Amino acid sequence: MTATLDGAKTQGAEVREISLAQAVNRALRDAMTADEKVVVFGEDVGVLGGVFRVTDGLTRDFGENRCFDTPLAEAGIMGTAIGMAMYGFRPVVEMQFDAFSYPAFEQIASHLAKMRNRTRGRLPLPVVVRVPYGGGIGGVEHHSDSSEGYFVSTPGLHVVTPATVSDAYTLLRAAIESDDPVIFMEPKRLYWSKDQLTTSGPEIGKAAVRRQGTDATLIAYGPTVQTALEAAEAGAAEGYDLEVVDLRSLVPFDDETVTASVRKTGRAVVIHEAVGFGGTGAEIAARVSERCFHWLEAPVRRVTGFDIPYPPPKLERHHLPSVDRILDAVASLQWEDR
Amino acid sequence: MTVLATPDKTGSGFPLGFDAILDPSPLQYLDEHGALSGALRDDAPELDPKELLATWRAMVIGRRFDVQATTMVRQGRLAVYPSSFGQEACEIGAILALRPTDWFFPTYRDCVSMVTRGIDPVETLTLLRGDWHCGYDPQHWRTAPQCTPLATQAPHATGVALAAKLAGDATVALAFCGDGGTSEGDFHEALNFAAVYQAPAIFFVQNNQYAISVPLAKQTHAAALAHKAVGYGMAGVRVDGNDVIAVRRAVSEAAERARAGQGPTLIEAVTYRMQAHTNADDATRYRDESEVEYWKARDPLARLETYLKASGLLTEDVVAEANQAAEELAADMRTRLGEEPEVDHRDMFAHVYAEPTPQLLEQAAALQAEIDAESEAGR
Ligand SMILES: Cc1ncc(C[n+]2csc(CCOP(=O)(O)OP(=O)(O)O)c2C)c(N)n1
């Protein structure tokens, strides 16, 4: 059963609302309880519970052998996780902020992503890399990158990004159970958003229609799902009935849900915070064009961050996709009747 | 001074026995009570009163800067501020040992060094206020942008040092780094390169005991960070990082060695981070108040002050002048940081390439149109 953003009660839901960060914590706890091979490590994940408190209490409750602080060395964290996975563990590691996964990139691109392939399937790597990502929290440089583009163009990695409390839980459980490496992108701007938790959910690779509509499809993921929903609400006042698709999983990509939605509406806008040029949205727009060409009333539009290094906090509001920018894109979709 | 593993020109290898190389006790001139400790008593004539007073004055001003910045973050005038309160001996001792022509590679925690270098406090805080990534002219100040990704500036220092050497200049490059940063791969690659090329670089580690919540013991199993120099074949020094005389001396001597073509030095300064990592951090989660108290008693400013008072150098006039200068700086910070900063959205596109691409020009124009429409609509 899928979660809903408006907190509609689904089976197994608790009445109490928890934050997205707490949902990730709960998923880690439940996975560690279920399988003693699950280990959590990274910078400050122990006593402090992570700089966002996502791993709060795990060392206290599971001991230092299950959740531990590492030296400050992302390549070391990543490489050690690879080695532990080779020996039968299921490491879940944290990169403290998006841009600090770059020192680990050699290990991620050359080894984490390719080990199964290089060994003809004999060495699978069940590693989860948690990456808090994205902007909108007033962070100084290197604390607001959207680095998913690097990961999605690295074959061998699954790339998953929840936008709701329940998805954060269920997708992380699924990621930990996966026998392939999963880059688990956590939209840090949504860490404090609250909702009721549903602990049963989709497998990796399924998008969700968050809002039904008939006029155009807004395709979003992670932090921009919320913005897309706000745009859809605002668009309703302007007479647009907008559908919102939350991708949840970038690799594998749910062509089925996206295609069905765009064939229904005939128009599409892809929204993400990362730069547009050569970005994930370009891939999505191409796929939509390939599959929906005869249904499309207009070219697929993208609303993304500018093609610039992430700006300083005082300017980030200009950079991030906004409700207005989304609605402008919708308005440009060749409406003959308007 | 306890120089670990300085290659000896006479060919005997290391001047000190292996035990001495691995002796982790730090070099100290002023003990925690502000009294001259062993090393300096033998060496006393070299203490220059003018230099001591200038150092003390810079420490008074540096600390006032730090306290004011911390206050301004509480008032919401700065987005974030990583304090270096208690680390002034490192921040100031190291920077005063450099020439203006030397290059400096600071991290987010090193605003006090930058102010001591002469950079305007508001320009120093541009990054942390969130106006722009770097507020000063790095070429003019010979100071790289403050580095946020850990230890990634260390190889740049190696590069500048190597270039200076190739150009035949007497320039030295000094990179700061935290104890945590020494675990990063970039740190090790920087040291190795610098040693291989005998580049005139100084790697100055402020071992303030914690990397956010992680204590030194979980960062390294070595008895001292200075020992890492041995493996690279470079000089390594461990100093009391709360003793400004020791720090200044250690850096001066490292710079002299570098200028004399004797290669890089790793300096480990043993100090303590008195405040939390940043305002966003809760230090009570990982350390005891008693530990903080222990270090309070080793305050670098109080230590020098005690010494200067006892030796009669610190006259009322000197104190009054320094305090006034510090208060003027603080007042200026309050006024100028209290104003809403002027940020220009066009800067986002202007400085990505020497010539903006056609795509960037398009995006800049679209944003301008948006902003114009907003202001027309009176928003
Ligand atoms: C490559 C990288 N990884 C992680 C971080 C996040 N981070 C910022 S400061 C910090 C602790 C640094 O500790 P240390 O090097 O001892 O310096 P200190 O802050 O104590 O001055 C961490 C983990 C970062 N900035 N860069």
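Because the structure is predicted, anything quoted here is derived from the model rather than measured. Lettering of chains follows the sequences in order, A, B, ..., and the numbering in each one begins at 1.
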Counting heavy atoms not belonging to [X], are there more than 12 under 6.0 Å from its [atom1]?
{"X": "A/Phe62", "atom1": "CZ", "answer": "yes"}
{"X": "B/Glu355", "atom1": "CD", "answer": "no"}
{"X": "A/Phe277", "atom1": "CZ", "answer": "no"}
{"X": "B/Asp372", "atom1": "CG", "answer": "yes"}
{"X": "A/Tyr191", "atom1": "OH", "answer": "yes"}
{"X": "B/Arg346", "atom1": "CZ", "answer": "no"}

**Interface residue of largest heavy-atom contact number with chain A, from B/Ala211, B/Ser213, B/Gly180, under 4.5 Å** =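 Greatest number of close heavy-atom pairs with chain A: B/Ser213.
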- Query: In terms of heavy-atom pairs under 4.5 Å with chain A, which of B/Val343, B/Ile212, B/Asp179, B/Thr182 leads?
  - Reply: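 Top option by heavy-atom pairs under 4.5 Å: B/Ile212.
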What are the two closest non-hydrogen atoms of [X] and [Y], and how far apart are they?
{"X": "B/Gly130", "Y": "A/Pro312", "answer": "O-CB, 3.3 Å"}
{"X": "A/Pro71", "Y": "B/Lys218", "answer": "CG-O, 3.6 Å"}
{"X": "A/Pro103", "Y": "B/Glu184", "answer": "CB-OE1, 4.4 Å"}

Checklist entry - Which distance, rounded to the nearest 0.5 Å, do you find between the NE2 of A/His318 and the CD of B/Gln368? => result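 Between A/His318 NE2 and B/Gln368 CD, I get 9.5 Å after rounding to 0.5 Å.
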Interface moiety of [X] toward chain A, non-hydrogen atoms closer than 4.5 Å:
{"X": "B/Val214", "value": "both"}
{"X": "B/Gln146", "value": "backbone"}
{"X": "B/Leu150", "value": "side chain"}

_Closest-packed option against chain B by number of heavy-atom pairs under 4.5 Å, given A/Val140, A/Leu72, A/Asp328_ =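 Going by pairs under 4.5 Å, I would pick A/Leu72.
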Count the heavy-atom pairs under 4.5 Å between each of A/Val51, A/Thr70, A/Asp44, A/Leu315 and chain B, then report the option with the highest count.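 Most heavy-atom pairs within the cutoff with chain B belong to A/Asp44.
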Residue part contacting chain B, namely of [X], when any heavy atom lies under 4.5 Å:
{"X": "A/Glu74", "value": "both"}
{"X": "A/His142", "value": "side chain"}
{"X": "A/Gln96", "value": "side chain"}
{"X": "A/Phe52", "value": "neither"}
{"X": "A/Arg317", "value": "neither"}

Do B/Arg129 and A/Lys314 pass the side chain to side chain contact (heavy atoms under 4.5 Å, CB included) test, and can you show the C-alpha distance, the side-chain angles, and the key distance before you say yes or no? CA-CA 8 Å; B/Arg129 178 154 72 158; A/Lys314 291 268 155 53; 3.4 Å; yes
Using atom types as modelled and distance alone, determine if a side-chain donor or acceptor of B/Gln359 lies under 3.5 Å from a backbone N or O of A/Asp307.
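Not confirmed, B/Gln359 side chain does not pair with A/Asp307 backbone.
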Worked verdict on A/Glu141 versus B/Leu127 for side chain to side chain contact (heavy atoms under 4.5 Å, CB included): CA-CA 8 Å; A/Glu141 61 172 346; B/Leu127 169 77; 4.0 Å; yes
Under 4.5 Å, heavy atom to heavy atom, which residues of residues 275-286 of chain B contact chain A?
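Residues B/Asp281, B/Asp282, B/Arg285, B/Tyr286 are the ones that qualify, each having a heavy atom under 4.5 Å from chain A.
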Kindly write out the residues that satisfy ring-ring contact (aromatic ring centres under 6.0 Å, His included) with B/Phe349, not counting sequence neighbours, or none if the list is empty.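 ring-ring contact (aromatic ring centres under 6.0 Å, His included) list for B/Phe349, sorted by chain: A/Phe306.
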Before giving the answer on side chain to side chain contact (heavy atoms under 4.5 Å, CB included), spell out for B/Leu360 and A/Ile308 the whole-Å C-alpha distance, their side-chain angles and the decisive distance to 0.1 Å.
CA-CA 8 Å; B/Leu360 281 182; A/Ile308 59 171; 3.8 Å; yes
key: Beyond-backbone contact of A/Asp324 with B/Glu370, side-chain heavy atoms, under 4.5 angstrom   =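 In short, these two side chains do not touch, never coming nearer than 4.5 Å.
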Can you tell if the side chain of A/Val47 reaches within under 4.5 Å of the side chain of B/Arg287, non-hydrogen atoms only?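 They are not in contact (no side-chain heavy atoms under 4.5 Å apart), so the answer is no.
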| said: side chain to side chain contact (heavy atoms under 4.5 Å, CB included) for A/Asp69 and B/Gln219? Distances and angles first, verdict last. | reply: CA-CA 9 Å; A/Asp69 287 323; B/Gln219 210 62 245; over 6 Å; no
